[in-house]
Each structure stands twice: as C-alpha cells, then as structure tokens.
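First the structure, in the form of structure tokens, and then the observations on it.
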Amino acid sequence: MLKSFQARLIMFVLVLLALVQLGTALAVLSSLKEDNYRQGVHSIDVSRNVFDLFLEARAEQLTKGVEILTSDFGFKQAVATRETGTIRSVLQNHGARINADISLLVSPQGELITATQELNINNTIAELVFAARRSGGSSISTMIAFDNRAYQLVLVPIKAPNVVAWVGMAFLLDQALAEQIKNVTGLDISFVYEVDNEHSLSGGSTLPLEEKDALLKDIGNVESILKSPVFSNDEKYLSLGVDLGMPNQWGIIHLPYGPWLQSYNNTRNQLVLIFTGALALALLFGIALARNMTQPISRLVDYAKQIGQGGNKEKISAPSMVGEFGVLSHTMKTMQDSIINREEELTYRASHDQLTGLFNQSAVEQYLSDTLPKEQGGLVLVNIRHFKDINNMLGFDVGNALLSKVAERLQTWGHDANMLARLSGDKFLLIFGRPITEQDCSDLKCLFSEEFEVEKGSGIRLDISIAILPFEHATASVNSAMRRLDIVADEARESSELCVFYEVGQDENHRRQLTIIRDLPSALKSNQLFVVYQPKVGLADNDCNEAEALIRWIHPELGFLPPDEFISLLEHAGSIQQLTKWVLNTVLSQLSKWWAEGLEIRVAVNLSAHDLLDEQLPFIVSEALLANRLPTRALALEVTESAVMKDRAKVINVLKALQEMGVHLAIDDFGTGQSSLAYLRELPVNEVKIDRAFIQFIDSNKGDEFITKATIELSHSLGFQVTAEGAENAEGTALLRQYHCDKIQGYFFSKPLVAEEFFKWREAFHKR
C-alpha cells in the first residue's frame, strides 16, 4: 500500500499533522493539569490559614467565656474555701453555657482539684501551669489529647489578689467543629489520630462515610502530607495534613478535586475532537494535494514503463510538462533515444563481427535454428592455414587488415550465399541454398590464389582449407550440425585435397574418439588397461634382462583399441600424462616383485612429448622409484626424436636431470625424425633404438641393410648402445649379429607378454 508515492505523501501529511496535534495536545493538557494542581494547592493553603485563624478566634472566644467565670465573686469565695461541691456545680453550669466538654479546677501548683470528668492528665496540667507562671500568670490556650481525642484547652487564673487556682475549659475537636470550619473554608475537614501506631486513622470528618474510610486508608501516614498536599488514589481529593501540636493527633484539609478534574477531562475531550477533525481535514487535504502533485509523476511513471518494456521499436511521445517535471520529461526522452540507439548497437554487435562487419557465430546458430532440417544447400567453411604464424610475424594490425580483405573478397565471390559469417580468427562460413560442387571449391581456391595487398607494394598469398557439410547430412540440431562441420574442418586442415565433403560415418568416428578420451579415467580404475612386456635379447650373451612395457586397452563397448589410436588422442586431449603415471606406477610395482625375488630386470617405459615438457618429471620418477624401493638402474625411459624436437632446450634439460639420477635413456624410432644425425650428439641418452621400418626387411632390402649398418656404427662411435626393433626372422637376426647390434626386440624371439607369461618365457629362454 505504501509503495506508491501518492500513498507515502498522504501518510507523510497525516503523520506530520498528527505529531503536531499530539505535541500541542500534550503541552496544553500538561499545562492545564499543572495549573489545576497549582490552583488546588493555593486553595488548600488558603483553607489552612483559615483553619488556623478559626482555631485562634475560637480560643479567644473561649478564653473570654472562662474569664467571666473567674471574675465571679461567689466562685472566687467557693474556690478560696475549697467548697468542692459548689465548685463542681458552678463548673458544670458555666461549661454548659459556653459548650465546654470538660471543666476543671487546678491549684496554683498544678494539682487537679476537681473536674467534671475523671481525668488522668495531672502531669500535663502541671506543666502548663508552670509554663504560665513563668510567662507572668496570663491565660493559656493549647491543644491536649485525652483518650485518643483532641481538645482545645483554655486555662485562666483566679486571682484574689494572688493566683489561688486555675480554671480550665476543654472543647473537643469533633465533627461539629469540623462542620463549622467547612462552612467557613468550603473544604472538608477531618480530625484524626493513629490507632496503635499502625498508621490506621480514625476520627471525625465532614467527608461522606464511604469516602472517609477509603480516603483515610489511602493516606495512611499523615506525616507524609504535612508539607505538601497529595492526591488520593482515585484523584477525587487533594489532602493536606495540619499538625495540632499533639502526638498522633492531626487535622486534615480535603479539597474536592472533582471540579478541576472534570474541567481537565472536558478540555481533553475537546482536544480529542479537535484532533480527530484536524486529521480528517488533513486526510482530505493530503489526498487532494497528493493527487495534484503525483499526477505529473504518474504520467512520467507510465512513460518510463513504456520505455522499460522495450517491445515497441517506435519512439514513444514524452508527456508535455513545465518546470522541474518538464526537465525530467525531456531527460527521459533523451534517455529513450539513447536506449534505442544502444539497443540497435547491441543487436548489431550480438549478430555481427566487429572487425569485418560479417555475421558472427551467434547469428549463424540462430539462422540454422530457424532453417534446419533442410535438404538443399549446405555449409562451406573456409579456414586460413597458418594464420597464427602471420599474426606472429607481421603483427595483429596486419592480420586484422588481412582478415578484412578476405571478408571483402568472399563477399564478392559468395554474392548468392544466404549468409556469410566469420566464426573465429581465421574461419569464415558461407551458407548456400543451392548444391555445392567441386567447381565451387576450385573457384574458391582460385580466389585465394591472388595475393592480398596489406601494405602498398607488399602482398601475401594465403593457403586455405575448405570443409563442406551438405544440409542433407545436417541434423535438426544446430550443435550436431556445427560439430559435424568441425569434424570435416579438422580433416580438411590435415588434407591436401581441394576440399573435403562430410561423409556418413565421420560423426561416429568422432564420437568414438570422444568416448576414448572420456572413458580413460574410469578405464584406469576398472583395470580395462593392462601392461605387456616385450623381451629385449642381448646378442653378446644371448640373454634377456630387459623388456619394453607396452599398453593394451580392451574397451567394454569398443573392444580392443590399438595403442597408436588412443595414445595420439590422449596426447591431443592433454590426458597422456595421466596415462604415463599409471603405466610408470604399474611397471614399477611389477619390478619391485621381480627384484624382491632376485631378478634384476630393467623395463623401459615410453614417454610422450607432453611428459618431457613437464619439468617435474624427474621428481615424479624419483618419488615412484623410492615408493617401490627400486634403484634407478631398474628403470629405462624411451623418448621419440619428434618429442625431443617439440622444445629441444627444455626437453634436453629434463633428460639431463633424469640421466644424472642414473635412469637409462633411449631414443625410440630412431631414423624417422627430421634431423636425427644433427642432434644425436647433443642428446643425453644411453641407447638408440632403430625403427622397425629399417629392420623388418633388412634381409631382402639392401637399402635398409645399409642404413641399419651405418646407424649402428655411428651410434657406437658416439658411445650409445643400439637396439633393433622388429626382427622377425633368422636371416635378419643374423645380419644384426654380424653388424654387432647390442640388443634385438621383435617377434622372432617373442611377442609382448603379460607379466606371468614373460617370466615363464624368460626362464625357458635362459635354459636353452
């Protein structure tokens, strides 16, 4: 509800006004309450003064009434003669005339002579008399308590001419007196005393009986209200205590607070009505104000929503406004123009190559998604060979200029193509709706036979490979179609043919390759791969103390996989090192068993180019030997010359580190590399293995015989041992003995064998 600006504006106005009204009401009510309290305190202070004056006036009146009795001659004579009966009668009669509750006669020494009631106040009267004598013998007016009741006592001396006695009249502070004071002050009066020191009050009061008991119970300890008045629990009375000068005897003045409280409540109710009315008016005002203020904002919001939806390519008219909203409307219009331009630019960039202006791969995939499946036409992928070398030699600026010119030339040639796109740095794709022929490939080759002038007076002739996927072989899936095109492109890059068309079955072969790469980790764990050992026979002693470890893989779906197939795939996929580590650990584990039995056999493990580029290889080999408790002479490593040529400096450093460890190193397939004789003397190896291509037909091919003889002599002159691979008959073996070849490896002696069979074959061979 409060998410809209209009609702929040209305709420803001209401809250603001409510806070102002509430603050005003609290201030007024607080001030009114304090003022009422001050007036009540003032009224009760006035009443207290009246209370004190009333008691003083009453004391004077009572004193004059007693003085009339003391001036009577007959009373004086009765006192002088101590006629107790006469004195008591006079005291009763005169006390009745002035409404005295107790009349008494006291000797000059303060002893009680007679009284109209039996009293036990001798000590108190004596103290009063002594105090009067010290003050000059004048009359005394004071308060006195008798039987938990307060009295106003007047003592007047009887002189004849000296003081012969004191006449006292005591007047009870009762409800009648309280009524008299109430008639003067207008306030309720209570005369109370404590019962058993438990702050439980009792006494006379002008209060209604039901209110008197509750109020006196609320007050409890009167001493707490002697200085300042306090409210009762229901705030009906404001009470102030009056000290009567006697222990446990007090007067209390009660101010009925009802009128003040009613005035306060009336004012509060009026403020509530005013507050409610003001909020209602504020709500109406806020709604009107919010609508007036938010109407232009709502128009701008609608305008922004239409811009934000972005579905309509046409420009939306901005609302016409003035002032700040006009500035905002104009700014949003400018923003809309910028968004449209930006969308057009992003749409173009999303479907076009920024360098050449051709369509990109995203546009191609969208086109194929809308077109496939289709029977007529096809895809033509043009790949520039060795374009990376051109970039490296001439720089990226020249490379970019060259790509732009290639795009221009392809646009001229493929003017009837449905689409021309650049897929990546050196790949261009043409999509035709007509059949693609060999003549098209020939014309395209001729197009690139002309040099491209990238700088004035400087031209470059490009070599291209052409891959063609007819639509009839493209599936309905864009990914499958592009994958098949990539398969043909890979074959075209390696082919010397004019162009390569997709043939049925190539996709299955590609899937086979992906399956081999994918299944290697699980094959290693499930023992699908195993190692066989091909014996190496030493011709000097006609013994066998060495073997070459070869890998075999029987796939559960694909069956037997030739090592040449899966090893080359794993090298391209970057997984060959995983396989090498597995072979190394498997071979060393088998060697540890043979060496533990006293059979010091050395086994050679083949390394790939990727293994030799790993500078951690010496450390890995050392750790593996240590883990299997084998000396370094138990292991031999074979590397191909082509692997050495990948990065000659780094590979030689790795081989030197292995040779320094004591590992026997051999060059495998010697004679098939590019520059074997030139680099042979630089290689830190111990052995040269002549490739089977020169050994297999050595007995019938004089050229192979001559090459083999020369290689053996050259290797011996450089201090290398020589092993011949592929010896398959006795005649060839005899020639190798004649030319002093060190070791022979081939089917003439044995095919590769599993570990148990190799062990049996070796025992049988040594017994011959």
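As a basis for the values below, the full set of heavy atoms in this structure was taken, side chains included, without hydrogen atoms, waters or symmetry mates.
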For residues Lys743 and Gln721, is any side-chain donor paired with an opposing acceptor at under 3.5 Å?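 Checked: Lys743/Gln721 side chains pair up, N/O donor to acceptor below 3.5 Å.
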
Side chains of Thr640 and Asp668: do they bring a donor and an acceptor to under 3.5 Å?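 No, no side-chain donor-acceptor pair sits under 3.5 Å.
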
Pair [X] + [Y], salt bridge at N-O below 4.0 Å:
{"X": "Glu453", "Y": "Arg409", "result": "no"}
{"X": "Arg692", "Y": "Asp704", "result": "no"}
{"X": "Lys689", "Y": "Glu548", "result": "yes"}
{"X": "Arg342", "Y": "Glu345", "result": "yes"}

Using modelled atom types only, decide if a donor and an acceptor are shared between the side chain of [X] and the backbone of [Y] within a distance under 3.5 Å.
{"X": "Ser449", "Y": "Cys446", "value": "yes"}
{"X": "Asp440", "Y": "Ile436", "value": "no"}
{"X": "Thr711", "Y": "Ile707", "value": "yes"}
{"X": "Asn585", "Y": "Lys581", "value": "yes"}
{"X": "Asp370", "Y": "Tyr367", "value": "no"}
{"X": "Lys445", "Y": "Asp463", "value": "no"}
{"X": "Ser750", "Y": "Gly746", "value": "no"}

Hey, what's the ring geometry for His352 with Tyr348, parallel, tilted or perpendicular (30° and 60° as the breaks)? parallel

Can you classify the ring geometry of Tyr533 versus Phe758 as parallel (below 30°), tilted (30 to 60°) or perpendicular (above 60°)? tilted

Is it the case that atom [atom1] in [X] sees more than 12 heavy atoms from other parts of the structure closer than 6.0 Å?
{"X": "Lys709", "atom1": "NZ", "result": "no"}
{"X": "Phe697", "atom1": "CZ", "result": "no"}
{"X": "Phe706", "atom1": "CZ", "result": "no"}

Residues at least two apart in sequence or cross-chain that pass ring-ring contact (aromatic ring centres under 6.0 Å, His included) with Phe387, listed by chain then number, are none

Are any of the side-chain heavy atoms of [X] and [Y] separated by less than 4.5 Å?
{"X": "Leu379", "Y": "Leu430", "result": "no"}
{"X": "Phe428", "Y": "Leu403", "result": "yes"}
{"X": "Leu736", "Y": "Ile695", "result": "yes"}

Test salt bridge (charged side-chain N to carboxylate O under 4.0 Å, His left out) on Arg602 and Glu687 and set out the steps. CA-CA 13 Å; Arg602 180 164 65 195; Glu687 180 181 342; 5.2 Å; no

Verdict with reasoning, Asn701 to Glu705, per side chain to side chain donor-acceptor pair (under 3.5 Å): CA-CA 6 Å; Asn701 189 317; Glu705 181 183 353; over 6 Å; no

